[in-house]
Amino acid sequence: MQDIYIDTVQAFNDYQGVETLHPLVSVIHVERTDHIKECTMHYGLYAIYLKENKGCKLSYGRTPYDFDEMTVTCFAPGQSVTVEPNPEVPFAKFTALVFHPDFLNRTSLGKQISRYEFFDYTSTEALHLSAQEVEIFRGVLSMIEQELHHAIDKHTRELIVSNIELLLNYCLRFYDRQFITREEINHSVVKKFLTLLDEYILDKAEHEGLPTVAYFADKCCLSTGYFGTLVKTETGRTAKDLINDRILVRAKELLQSDTLSVTQISQRIGFEYPQHFVRFFKALTGKTPSQWRVA
């Protein structure tokens with residue numbers, strides 16, 4: 001398998017076989033006539049793809065990336081993605097925007113780029129667009145592309161950065177809409193989370209410590225940010241709150257036994273120190289474990 005390192009816009013354009021109009025940002029349209037080759041792409045810049053067909057299979061490590069026609073996939077510096085041919089659709093068709101982190105230096109977007117959580121998908125999830133959303137996406141890309149074909153002047157950077165930010169803000173809207181429209185999938189993720197959570201508290205907490213949101217996000221093949229937003233949208237409560245609820249329920253079950261001390265119970269449910277358990281329990285119930293036991 002070939003390793004492709006995309007550290008610069010020039011390297012990306014060379015790999016795709018297109019001209020470089022700006023050293024730090026590029027918009028390209030690709031409709032390949034040659035077959036896709038298996039490779040691993042190592043990104044040193046931001047890349048946003050509008051996948052216009054399912055011409056390849058993507059994965060992070062062994063985890064397949066869920067996308068279909070007319071979806072947006074986003075990658076950030078430091079991420080590596082495996083690309084495999086799709087026997088059913090051997091030719092790729094996509095539009096891409098790539099921009100180097102240096103392009104955002106000393107801009108408001110550069111300071112706020114972390115708010116765009118779809119770049120944090122070490123996950124299986126793409127942005128699935130409606131026909132109207134595709135047109136919006138293409139429209140903003142078109143404005144960026146027009147600037148790239150314009151002679152570079154003192155306004156170029158500001159205008160392109162503004163349009164990139166506009167595109168990302170639209171993606172945030174699509175991202176939020178997706179949580180609402182994909183209710184069945186979201187429901188199944190929450191169901192899996194709660195099942196895994198109960199199993200963890202019963203079988204693993206004593207030896208592996210308190211359960212974390214990141215642990216269950218990984219088990220559901222989603223990034224922590226995406227997983228947390230999904231759970232909050234589906235249940236109205238944060239994943240951390242649900243974890244704490246289940247820990248509290250288990251603690252109360254164990255406190256009903258007179259054979260276990262508070263220290264033993266704290267160990268059973270994953271607390272490293274009994275005083276942390278006491279503080280946790282009192283914060284949620286208004287009583288210490290000992291007070292609750294005798295009430």
Side-chain angles (χ1 to χ4, degrees), residues 4-32 41-52 67 69-79 81 92-121 126-178 225-226 229:
I4 307 295
Y5 292 88
I6 307 295
D7 295 322
T8 65
V9 168
Q10 184 67 58
F12 178 81
N13 288 341
D14 288 347
Y15 179 71
Q16 301 296 347
V18 299
E19 180 185 3
T20 297
L21 301 176
H22 191 290
L24 296 177
V25 61
S26 182
V27 175
I28 69 168
H29 306 275
V30 173
E31 189 166 358
R32 290 197 181 280
M41 307 284 289
H42 304 278
Y43 287 94
L45 39 67
Y46 292 97
I48 304 174
Y49 294 88
L50 174 62
K51 310 290 288 187
E52 300 183 44
F67 76 98
E69 294 181 6
M70 297 307 176
T71 57
V72 173
T73 57
C74 304
F75 307 112
Q79 293 183 350
V81 182
K93 183 179 180 182
F94 61 87
T95 300
L97 164 68
V98 296
F99 53 96
H100 197 277
D102 289 352
F103 192 61
L104 305 182
N105 284 350
R106 297 183 299 279
T107 68
S108 61
L109 178 57
K111 296 174 184 177
Q112 300 180 56
I113 193 69
S114 61
R115 71 186 285 256
Y116 301 102
E117 296 180 349
F118 38 82
F119 280 120
D120 191 35
Y121 293 1
L127 290 171
H128 302 255
L129 303 188
S130 68
Q132 183 181 23
E133 290 168 346
V134 168
E135 290 307 308
I136 292 171
F137 191 94
R138 284 177 170 158
V140 181
L141 280 185
S142 177
M143 289 190 287
I144 296 172
E145 198 168 9
Q146 287 177 38
E147 276 303 313
L148 291 174
H149 282 89
H150 190 282
I152 295 177
D153 58 28
K154 65 180 182 181
H155 303 290
T156 301
R157 181 167 178 255
E158 182 179 0
L159 288 169
I160 294 177
V161 170
S162 295
N163 279 299
I164 291 175
E165 186 168 14
L166 177 62
L167 182 70
L168 297 181
N169 285 335
Y170 270 118
C171 286
L172 275 182
R173 172 180 283 177
F174 306 155
Y175 176 71
D176 290 340
R177 183 269 308 151
Q178 183 162 291
Y226 189 98
T229 305

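Basis for what follows: all heavy atoms, side chains included, without hydrogens, waters or symmetry-related copies.
Residues Gln112 and Leu104 form no side-chain contact, since every pair of their non-hydrogen atoms from C-beta on lies 4.5 Å or further apart. In this structure the side chain of Ile6 reaches within 4.5 angstrom of the side chain of Met41, judged on heavy atoms. For the pair Lys111/Thr107, no side-chain contact is recorded, criterion being any heavy-atom separation below 4.5 Å from C-beta on. Side-chain atoms of Lys51 and Val72, non-hydrogen and from C-beta on, never get closer than 4.5 Å to each other. Residues Thr95 and Val30 have side chains not in contact (no heavy-atom distance under 4.5 Å, counting atoms from C-beta outward). Contact annotation: the side chain of Thr229 approaches that of Tyr175 to within less than 4.5 Å [non-hydrogen atoms, C-beta and beyond].
Side chains of Asn169 and Arg115: a donor-acceptor N/O pair is present below 3.5 angstrom, by distance only. Checked by atom type, the side-chain pair Glu145/His29 shows a donor-acceptor distance below 3.5 Å.
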For this session: Begin from the C-alpha positions of Asp14 and Gln10 and carry the test side-chain hydrogen bond (donor to acceptor under 3.5 Å, both in side chains) through to its verdict.
Result: CA-CA 6 Å; Asp14 288 347; Gln10 184 67 58; 2.8 Å; yes
Problem set entry | Phe12/Thr20 under side chain to side chain contact (heavy atoms under 4.5 Å, CB included): CA gap, chis, key distance, verdict | CA-CA 9 Å; Phe12 178 81; Thr20 297; over 6 Å; no
For this session: Could you walk me through whether Leu50 and Leu129 pass side chain to side chain contact (heavy atoms under 4.5 Å, CB included), step by step?
Result: CA-CA 9 Å; Leu50 174 62; Leu129 303 188; 4.1 Å; yes
Problem set entry | Intermediate values then yes/no, side chain to side chain contact (heavy atoms under 4.5 Å, CB included), Leu168 and Ile113 | CA-CA 9 Å; Leu168 297 181; Ile113 193 69; 3.9 Å; yes
Exercise. Stepwise, does the ring pair (Phe, Tyr, Trp, His ring centres under 6.0 Å) test hold for Phe174 with Phe137?
Worked result: CA-CA 10 Å; Phe174 306 155; Phe137 191 94; 7.3 Å; no
For this session: Apply side-chain hydrogen bond (donor to acceptor under 3.5 Å, both in side chains) to His42 and Gln79, showing your working.
Result: CA-CA 6 Å; His42 304 278; Gln79 293 183 350; over 6 Å; no
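Ring pair Phe103/His22 is perpendicular by interplanar angle, where above 60° counts as perpendicular and below 30° as parallel. Ring geometry for Tyr46 against Phe99 counts as parallel: the plane angle stays under 30°, on a 0 to 90° scale with 60° as the upper cut. Using cut-offs of 30° and 60° on the angle between ring planes, the pair Tyr43 and Tyr49 is perpendicular.
With sequence neighbours excluded, the residues forming a side-chain contact (heavy atoms from CB on, under 4.5 Å) with Leu21 are Glu19, Leu148, His149, listed by chain and number. Residues passing the side-chain contact (heavy atoms from CB on, under 4.5 Å) test with Leu166, sequence neighbours excluded: Val140, Met143, Asn163, Tyr170.
Val25 and Val9 get closest at one heavy-atom pair: N-CG2, 3.5 Å.
Glu133 and Arg177 are joined by a salt bridge, as a carboxylate oxygen and a charged side-chain nitrogen come within less than 4.0 angstrom of each other.
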